[in-house]
Colleague: 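This is the structure I want to talk about, given as structure tokens.
What you see below is based on every heavy atom in this structure, not just the backbone, and it leaves out hydrogens, waters and symmetry mates. These numbers were taken from a predicted model, which means no experiment stands behind them. Protein chains get the first letters and strands the later ones, always in sequence-line order, with residue 1 at the start of each.
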Protein chains: 4
Amino acid sequence: MARPLSEEKRNAILASAADAVASLGVSASTAKIAKDAGIAEGTLFVYFPTKDDLINELYLALKADMKAAVATGYPETANVKERCEHLWNRSIDWGARNPAKRKAMRQLSVSDKVTAASRKAGMAVFQDIQSMLDEGFASGILRRQPQGMLAATTDVLTDMTLEFIYREPDKLEIYRRSGFEAYWGAISNK
Amino acid sequence: MARPLSEEKRNAILASAADAVASLGVSASTAKIAKDAGIAEGTLFVYFPTKDDLINELYLALKADMKAAVATGYPETANVKERCEHLWNRSIDWGARNPAKRKAMRQLSVSDKVTAASRKAGMAVFQDIQSMLDEGFASGILRRQPQGMLAATTDVLTDMTLEFIYREPDKLEIYRRSGFEAYWGAISNK
Amino acid sequence: MARPLSEEKRNAILASAADAVASLGVSASTAKIAKDAGIAEGTLFVYFPTKDDLINELYLALKADMKAAVATGYPETANVKERCEHLWNRSIDWGARNPAKRKAMRQLSVSDKVTAASRKAGMAVFQDIQSMLDEGFASGILRRQPQGMLAATTDVLTDMTLEFIYREPDKLEIYRRSGFEAYWGAISNK
Amino acid sequence: MARPLSEEKRNAILASAADAVASLGVSASTAKIAKDAGIAEGTLFVYFPTKDDLINELYLALKADMKAAVATGYPETANVKERCEHLWNRSIDWGARNPAKRKAMRQLSVSDKVTAASRKAGMAVFQDIQSMLDEGFASGILRRQPQGMLAATTDVLTDMTLEFIYREPDKLEIYRRSGFEAYWGAISNK
DNA sequence: TATGAATGAGTTTTCATTCAT
DNA sequence: AATGAATGAAAACTCATTCAT
């Protein structure tokens, strides 16, 4: 090995891909992604053998990114509702700060380029969240739901809320709060 | 008139487009859509001058289709919760019976080919639903939310629920019920 | 024969074709030509079996139109130079009044859709002009030239002069005069 | 640089385009141009981003080619008529040797794909010729004409003369001479 | 490893012509 | 005779991928 792959370039490609996918969908061209990443067209394929590989790796990278942001500062000792609110606010704030990443994730979610395997791996993020809340189920505060539905509810309601925030950024607080009320109503027992 | 435009062909194109968009996204080719509709490539453009027109008309047709299914048999005299449950069940049943249409709608929702005007027109469907529930707001049963959020919540939670149903069709009842609980919790006051 | 072909429609098609060819070249679509003529797409082919036929008939019609305009009022008894000047001025005036027709003729002149037969037939116009001037050759006032060159010279110099006039219509007089001086110099003996 | 753009390929495309435009007009397909140039269809667009760009660059290349041929060996010290004759003969000889290029130029001249900017740049060729003859105006040998008319006259009369030469190549001398007489008559004072 | 020219299959759209009405 | 829907073969252009440098 003369030179190892540059982590920096790899990240530049992923960042550029996120922007491109956010604004153009998964049909964003590799040429554009490469150019915006500051590398040559061919170099992209040194790091990702096919476009599909790039798409899937982007999906995982975004999920991981979000997870890191959401899990930080998790208040392990607070009560269930407060912990849920922490997770909600973190998710919204991450999405509000990273609109391109969120929009890219939405595009990837509906694309058939993202394999079942990637989806499964990506799901782990919210499974982690769910397990954070196991105590909530035990205590009867959270409503029992089929496997995966809590995570999915979290996903779609944050997404929906963010859509409103993107349209009216200065009402962030209002939407975040109203969204949380819907969220808490959706997942808790009366 | 030499030959009138055939309503039948127009519908065949829209149906074919729905299937194609459901499985391939909006990048589904007009050639495939035409072929599956049983017409020549050029004929598609007799009915829809551009692909973008087709995409937008498809969006509106799907919304209208869904609305028709959902509004049928609406129990005007029942109480608010029952009326909501009626709407919920209708939506889920429509989606369960028309997976391609639902999937197509998801693809269209994230596509920038669908114009703001089409989105606005499409929104009317859920606005109608919301207005059906106005009494619910007046009586304090439904939680007050920013304009549009109730409709959006309905949309994303039915979508999410259907995703589970598509994966396990024989658990339709379970998911529909659990979904409604989340939905009712999300929109009602405690 | 139920109804005979309508001369009026035929002329409308030719007029529309002239305009279309003038502005778009011979690649102007038959659909546009038909529409601007106020008839249906298919009707055009009732009058002209193929587009090539239309193109060639248009060429001949334009030549005939021009010839009619140029020959009117020819001063048979005037001297050679005066007769030439009459022809020149008529040509220029016709072109100035009918820019679309002139431009269409230019487009047709370079198109390979116009057959050699049409060209030959079209040439007759200027051959007639040339024969009007036979006396000029006999008397030695006009320079002897190879067959056809006088006609061709007339054609290209009027065309060139008109190009200037189209750009600056209010200098018509100046260009017409200067053009004639060049023309007379080109065809007469010193 | 991976591989530099090949000047050779660029020239092959321009040469192929000249041939295609000469015989088929500006509607000659990029597919044919590419094929005849010995490259893939897509490669053409590596060298010329759009067909319009190719058309305009071809126009300029042809003008430059002609200018080079015409200006070579210009007899600066000869008298005005001899210098004009030199220019005339050079022009005719270039056109006789390069019929495709000349025909392509005629097609381009009437095409609206050639922009005003290209035309202006192309005009410089004949403006140069005109300025070579400035002394001719000063001395009163050449007739005073509106700006641009001398250049245009040169253009259309060479074109016309070449048309005859293409039809009867073995009479080149005769047509060139007769053409020059017309030309000299057109531009000089009696 | 990095580059970007080269490729050809695939994309949307146009169009002369046909033919059922 | 008149109509305009239907056709499918181009047309210009894009793009993921390969490979010579």
Colleague: Give the rounded distance in Å between these two atoms: CD of C/E8 and P of F/dA2.
Modeller: 11 Å
Colleague: Taking salt bridge (charged side-chain N to carboxylate O under 4.0 Å, His left out) as the test, write out the residues that go with D/K103, two or more places apart.
Modeller: none
Colleague: How many Å lie between CD1 on C/I13 and P on E/dA16, as a whole number?
Modeller: 14 Å
Colleague: Taking the side chain as everything from C-beta on, heavy atoms only, tell me whether B/F45 gets closer than 4.5 Å to B/T30.
Modeller: yes
Colleague: With a 4.5 Å limit on heavy-atom distance, are the side chains of D/L14 and D/L54 in contact?
Modeller: yes
Colleague: Under 3.5 Å between N/O atoms: give me all the protein pairs with nucleotides 12-16 of chain F, atom names plus distance.
Modeller:
from, atom 1, to, atom 2, distance (Å)
F/dA12, OP1, D/K51, NZ, 2.6
F/dA12, OP2, D/T30, N, 2.9
F/dA12, OP2, D/T30, OG1, 3.0
F/dC13, OP2, D/K51, N, 2.7
F/dA16, OP1, A/K51, NZ, 2.9
F/dA16, OP2, A/T30, N, 2.7
F/dA16, OP2, A/T30, OG1, 2.7

Colleague: Take atom CG of C/L44 and atom P of F/dA1, then tell me their distance rounded to the nearest Å.
Modeller: 15 Å
Colleague: Report yes if at least one side-chain N or O of B/Y47 is closer than 4.0 Å to OP1 or OP2 of F/dA6; otherwise report no.
Modeller: yes
Colleague: Would you list the pairs meeting salt bridge (Lys or Arg N to Asp or Glu O under 4.0 Å) in which at least one residue belongs to residues 7-31 of chain C, sequence neighbours left out?
Modeller: C/R10-C/E57
Colleague: Counting only heavy atoms and a strict 4.0 angstrom limit, can you tell me which residues of residues 108-119 of chain B come near DNA chain E?
Modeller: none
Colleague: Restricting to side-chain contact (heavy atoms from CB on, under 4.5 Å), what partner residues turn up for D/T50, sequence neighbours left out?
Modeller: D/D52, D/D53
Colleague: How long is the line joining CG of D/L24 and C1' of F/dA11, in whole Å?
Modeller: 14 Å
Colleague: For A/I39 and F/dT17, give me the distance from atom CD1 to atom C1', rounded to whole Å.
Modeller: 14 Å
Colleague: Can you tell me how far C1' of F/dA5 sits from CZ of B/R3, to the nearest Å?
Modeller: 5 Å
Colleague: Name all residues meeting the salt bridge (charged side-chain N to carboxylate O under 4.0 Å, His left out) criterion together with A/K101; count only those two or more places apart in sequence or in a different chain, and write none if there are none.
Modeller: A/D65
Colleague: Tell me, please, which residues at least two apart from B/A40 pass side-chain contact (heavy atoms from CB on, under 4.5 Å).
Modeller: B/T43
Colleague: Under the 3.5 angstrom rule, does the side chain of D/Y47 hit a backbone N or O of D/S6 as a donor-acceptor pair?
Modeller: yes
Colleague: Using the side-chain heavy atoms of A/V46, tell me which of these nucleotides is nearest: F/dG4, E/dT3, E/dG4.
Modeller: E/dT3
Colleague: Identify, between B/A40 and C/A40, the residue whose nearest nucleotide on DNA chain F lies closer to the 5' end.
Modeller: C/A40
Colleague: With A/K67, which residues qualify under salt bridge (charged side-chain N to carboxylate O under 4.0 Å, His left out), at least two apart?
Modeller: A/D128
Colleague: Could you provide the dot-bracket string of DNA chain F, using ( ) for intrastrand pairs, [ ] for crossing pairs and | for bases paired to another strand, with Watson-Crick or G-U pairs below 3.5 Å?
Modeller: .||||||||||||||||||||
Colleague: In this structure, how many angstroms lie between the C1' atom of F/dA1 and the CZ atom of C/F48, rounded?
Modeller: 15 Å
Colleague: Tell me the salt bridge (Lys or Arg N to Asp or Glu O under 4.0 Å) pairs involving residues 32-49 of chain C, sequence neighbours left out?
Modeller: C/K32-C/D36
Colleague: Report the residues that fulfil side-chain contact (heavy atoms from CB on, under 4.5 Å) with D/V110, sequence neighbours left out, ordered by chain and then residue number.
Modeller: C/R106, C/Q107, C/V110
Colleague: Rounded to the nearest angstrom, tell me the gap between atom CG in B/L54 and atom P in E/dT11.
Modeller: 15 Å
Colleague: Please identify each residue that fulfils salt bridge (charged side-chain N to carboxylate O under 4.0 Å, His left out) with A/K63, with sequence neighbours left out.
Modeller: none
Colleague: Check whether any side-chain N or O of A/K9 sits under 4.0 Å from OP1 or OP2 of E/dT1, and answer yes or no.
Modeller: no
